[in-house]
Amino acid sequence: MPFEIITDTSAGLTYKYATKNNVKIVSFKYYFGEEEFDTYQPGNNDEWIRTFYERLRKKESANTALINADTFITAFTDILNKGKDFIYLAFSSALSATYEQALGVVKKLKPLYPDRKMYVFDTKSAAQGQALNVDFAVRQRDRGDSLEQIYQWQVDNTLKICHWFTVDDLFFLKRGGRISGATAVAGTVLGIKPIMHVNNDGKLIKVDTARGRRASLDYLVKKFGETAINPENHRVFMGHGDCPEDLKYVQKQLKEKFGVKEFETGFVNPVIGVHSGPGTMTLFFYGTGRG
């Protein structure tokens, strides 16, 4: 039976990737004041997201909104009306109510489409970590695995999708309530950069600190070396908050030290970027566990 793979814009998948691999994207909204924008823009022009980060650098206040039920109804019924099943790989339920929203919609749709299969999976992932969940599903689909096999792989392996983050400007973590004002001021003066990851509950937590930007990037590389499984044979996903040179630096380290051959990279989507800010650097890979 034909089926579709769906995700949301937390995953930060590029338009090129989504169209090439036939992945359906459900879009969050973001706001600067009363101005509303979609966090998914068709086309290969990245100017819109560079503008987003430039406005953040000016300390403009931005926020995001939950995907509403009507958006899910439209996305899901479009697929169901074509006689197809689907799996929706959702943003971590510990960071957003999106997963529960989608479950509620599926509950309403089940009686109307009793012969269709509708899977909603909490990836407990975010940003390009969630995209890596999607990429594994795409590869399974392309080799002929069933929808049930794809869902089971996610159940068995999502906690092996390792997430590592660092940020450059503590202002955004302070504004989001993740660190105190005093910590932000002290950290800025001392050049302290937090090291964070998404844990087994799907929560974003601080696990350590590094002194200086380069040290924080090297920390991500170190964690990769400690937990990555067969890195030369797995695709690595990376995201950046409009800091492409830092992205290139980390890529170079991963190639030279661990033989990584395949990368999928892109901007950290505004869904995450609103809270992490410009200069966010992220690294996602298949490993022994999230730690």
_Looking only at the aromatic ring of each residue, does the gap between the centers of F136 and W153 stay below 6.0 angstrom?_
yes

*Would L159 and L132 show up in the same hydrophobic cluster when neighbours are defined by side-chain heavy atoms closer than 4.5 Å?*
no

_Would you call the rings of F284 and F165 parallel, tilted or perpendicular, taking 30° and 60° as the class edges?_
perpendicular

*Kindly assign one of parallel, tilted or perpendicular to the pair F32 and F37, based on the angle between their ring planes and the thresholds 30° and 60°.*
perpendicular

_If we count only N and O atoms by modelled type, under 3.5 Å, do the side chains of Q154 and T123 hold a donor and an acceptor together?_
no

*Is there a side-chain contact between L89 and I87 (heavy atoms, below 4.5 Å)?*
yes

*Linking I/L/V/M/F/W/Y whenever any side-chain heavy atoms sit under 4.5 Å apart, do F52 and Y31 land together?*
no

*Kindly confirm or rule out a cation-pi arrangement of R214 over Y249, judged by NZ or CZ under 6.0 Å from the six-membered ring centre and within 45° of its axis?*
yes

*When you check the side-chain N and O atoms of Q101 and N68, is any donor under 3.5 Å from an acceptor?*
no

_Salt-bridge present (K82, D78; N to O < 4.0 Å)_ = yes

*Going by the angle between their ring planes, with limits at 30° and 60°, are F237 and Y17 parallel, tilted or perpendicular?*
perpendicular

*When R290 is tested against each of N199, D201, I161, T227 for side-chain contact (heavy atoms from CB on, under 4.5 Å), which residue passes?*
I161

*Give a yes or no on this: more than 12 heavy atoms of other residues, nucleotides or ligands lie within 6.0 Å of atom NZ of K252.*
no

*Looking only at atom types and distance, does a side-chain atom of E4 sit under 3.5 Å from a main-chain N or O of D85, one as donor and one as acceptor?*
no

*Indicate yes or no: at least one non-hydrogen side-chain atom of I150 is less than 4.5 angstrom from one of R141.*
yes

*Close side-chain approach of R235 to R139, heavy-atom, < 4.5 Å*: yes

*Find out if a path of hydrophobic residues (ILVMFWY) with successive side-chain heavy-atom gaps under 4.5 Å connects F3 to Y113.*
yes

*Using distance alone, with no hydrogens and no angle criterion, decide if Y286 and N157 have a side-chain donor and acceptor under 3.5 Å apart.*
yes

*Among F72, F121, Y119, whose ring-ring contact (aromatic ring centres under 6.0 Å, His included) with Y88 holds?*
F72

_Hydrophobic cluster membership, L66 vs I272, 4.5 Å side-chain cutoff_ = no

_Spacing of NZ belonging to K124 relative to NZ belonging to K203, to within rounding of 0.5 Å_ = 11.5 Å

*Is it the case that T158 and N133 place a side-chain donor and acceptor less than 3.5 Å from each other?*
yes

*Going by the side-chain contact (heavy atoms from CB on, under 4.5 Å) test, name the single residue among K257, K255, Q251 that passes it with Q253.*
K257

*May I ask you to test the H240-T265 pair for a side-chain heavy-atom distance under 4.5 Å?*
no

*For the ring pair F91 and Y99, is the centre-to-centre distance below 6.0 Å?*
no

*asked:* Quiz question: by atom type and distance under 3.5 Å, do the side chains of Y219 and D208 form a donor-acceptor pair?
replied: yes

